[in-house]
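Right, one structure below, let's go through it.
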Number of protein chains: 2
Amino acid sequence: MTGPLQVACVQLAPVAGADDDNAARSVAAVASAVAGGAGLVVLPELVTSGYPFESVREARSSALPPDAPIFAEWARAAGDAVVVGGFAERGGSGKVYNSAVLVDRTGVRTVYRKTHLWDSEHRFFTPGTAPPPVIDTAAGRIGVLICYDMEFPEMTRGLAARGAEVLAVPVNWPLVDRPVGERAPEVVIAMAAARVNRLAIACCDRSGDDRGQVWTEGTTIIGADGWVLAETPYARGDRGLPIWGSEPDGLEVVRARLDPARSRDKTISAHNDLLGDRRPDVYAALMGDAQ
Amino acid sequence: MTGPLQVACVQLAPVAGADDDNAARSVAAVASAVAGGAGLVVLPELVTSGYPFESVREARSSALPPDAPIFAEWARAAGDAVVVGGFAERGGSGKVYNSAVLVDRTGVRTVYRKTHLWDSEHRFFTPGTAPPPVIDTAAGRIGVLICYDMEFPEMTRGLAARGAEVLAVPVNWPLVDRPVGERAPEVVIAMAAARVNRLAIACCDRSGDDRGQVWTEGTTIIGADGWVLAETPYARGDRGLPIWGSEPDGLEVVRARLDPARSRDKTISAHNDLLGDRRPDVYAALMGDAQ
């Protein structure tokens, strides 16, 4: 591992309907990641609630406000590190959002509401309407997306244009078909987004068979040149691999070192700059009314 | 191979300064690809001229107007097929463009001028200002990009929004560093673009050591789900592999069958549509002035 920042993604297995256990596990995960030297800790999407809600009522009862005590616990466990993780957010008028919080020792720095909802999430969540945040932290300039958001190149491009150096992306990737030997499609998409924007991307997936849903368990940390720095075997190989070696405390942690400052220079040849080469006039003409 | 359309990319080795040989070789390539059953033939970028010009004067002297006889020869050789290939285009006022032509039995259907110029291309070429085309053909609705253009997600997204089913992408990929066992970065980018847009993409690279420039030789055909249907070993493995087996006539051809109509349905779950899920309002707010 090289670079001044250690990024650690803790691939937890939250359980729907067991919120207290989920909360305790998430705090332990932050503490363990930080004890191992992490400066940026990424937790999965909906880590406090689990994913497969059975009813709108259950989603509402699992939802937390951004000032819930659990985030203060994350902040205490974080020490000098920065923590990004997903949760079901209780908004106004009974609305629930699929959100992510960024926390450091000062507390909650930002809350982001997932813009692009996946499949049955439409039943439980209201989509966000605000652009994803870019926050200056002790771990660099961090952008936040949630899962399916990342599959929209407009989002990753926009965060790069805003100066994000590292994207922290809580995800829950349902396992989908892929050819033998290929990485998960979401990882291929993240690698490309990193490469075309010179942006590091840390995707923290979840594990566990929560109410029968099987997950990719594809946690992957990608450097600003688009190459994978660390990944679970599941992210790359077949789902039939032996169980991945976990840490002594039973947590699955993917760690990599990188230099957030590497993302600042978009120069890729004597005459090329990844953002400077953009031709918004041409894109506007191409997209037309669909823009 | 499955699907009604056979796509064939002929990975030629044009030589700068040998325009007549390049032209003859390109016509033979089209004939060979069509004889093998291709309905869409893709040739490399700048296939009539070679790439590494030594002077502006040489670039100008290699440049052809869109009504040059060579394209009528491609049209004759095409029969019922569609051909897309790159050439140096002679424009007005001594300008030269890095262009691609789409030809069928009726002749030249469209000419596209590369929007994003790579490195020293700025010395020889004027960038295009018109959006890339989408053309209805006997081989489906074909979009055209050239090499570095494809690394701008705005371009692939825009072509998908315009209804393109297959992108024909003439490229000249200079060999760049990559980790052992990884595909060329341009291929990863193309796979992601195919996946997030449900769009087939055929990238035809070149071969040969033209004036010392070493190429990736990474020709790859990608299906609308983002998976590679056919590729050269160089596209995937290390550059040190044994020479790739060529066809009996000495041409290196990558062929795959696909169904262009597969690209029309952007539905990816009961509640998701790759284009319908876009949130232009959020992207506009995110990009701000950089849009």
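Predicted model only: the values in this text are computed from it and were never measured. Labels below follow one simple rule: chain letters A, B, ... track the order of the sequence lines, proteins then strands, and each chain is numbered from 1.
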Task: salt bridge (charged side-chain N to carboxylate O under 4.0 Å, His left out) between D225(A) and R198(A), intermediate numbers included - done: CA-CA 6 Å; D225(A) 291 321; R198(A) 190 168 282 167; 3.7 Å; yes
Open item on the list: Checking Y51(B) against E121(B): is there a side-chain donor and acceptor pair closer than 3.5 Å?
Closed with: yes
Task: Partner chain B: residue of I189(A), N272(A), V282(A) with the largest heavy-atom pair count (under 4.5 Å) - done: N272(A)
Task: Any side-chain heavy-atom pair of I146(B) and V169(B) under 4.5 Å - done: no
TODO: Select one option (side chain, backbone, both, neither) describing which atoms of V187(B) are under 4.5 Å from chain A's heavy atoms.
DONE: neither
TODO: Could you tell me which portion of R162(A) (side chain, backbone, both or neither) has an atom closer than 4.5 angstrom to a non-hydrogen atom of chain B?
DONE: side chain
TODO: Please state whether the side chain, the backbone, both or neither of T156(A) comes within less than 4.5 Å of a heavy atom of chain B.
DONE: neither
Open item on the list: Quick check on L275(A) against chain B: is it the side chain, the backbone, both or neither that has a heavy atom closer than 4.5 Å?
Closed with: neither
TODO: Against chain B, work out which of R123(A), H116(A), M191(A) has the most heavy-atom pairs shorter than 4.5 Å and name it.
DONE: H116(A)
TODO: Answer yes or no: is there an ion pair linking E54(B) with R211(B), defined by an N-O contact shorter than 4.0 Å?
DONE: yes
Open item on the list: Heavy-atom pairs under 4.5 Å with chain A - which of D277(B), N197(B), L274(B), V134(B) has more of them than the others?
Closed with: D277(B)
- [ ] Go through the steps to decide whether E89(B) and K95(B) satisfy the test salt bridge (charged side-chain N to carboxylate O under 4.0 Å, His left out), and finish with yes or no.
- [x] CA-CA 8 Å; E89(B) 182 192 353; K95(B) 285 180 180 168; over 6 Å; no
Open item on the list: I want to know whether Y97(A) and F125(A) have ring centres closer than 6.0 Å.
Closed with: no
Task: Contact leader toward chain B among P185(A), A190(A), A192(A), where contacts are heavy-atom pairs under 4.5 Å - done: P185(A)
Open item on the list: Taking side chain as everything from C-beta outward and backbone as N, CA, C, O, which of these in R157(A) sits under 4.5 Å from a heavy atom of chain B? Side chain, backbone, both or neither.
Closed with: both
Task: Within 6.0 angstrom of R141(B) CZ, more than 12 heavy atoms from elsewhere - done: yes
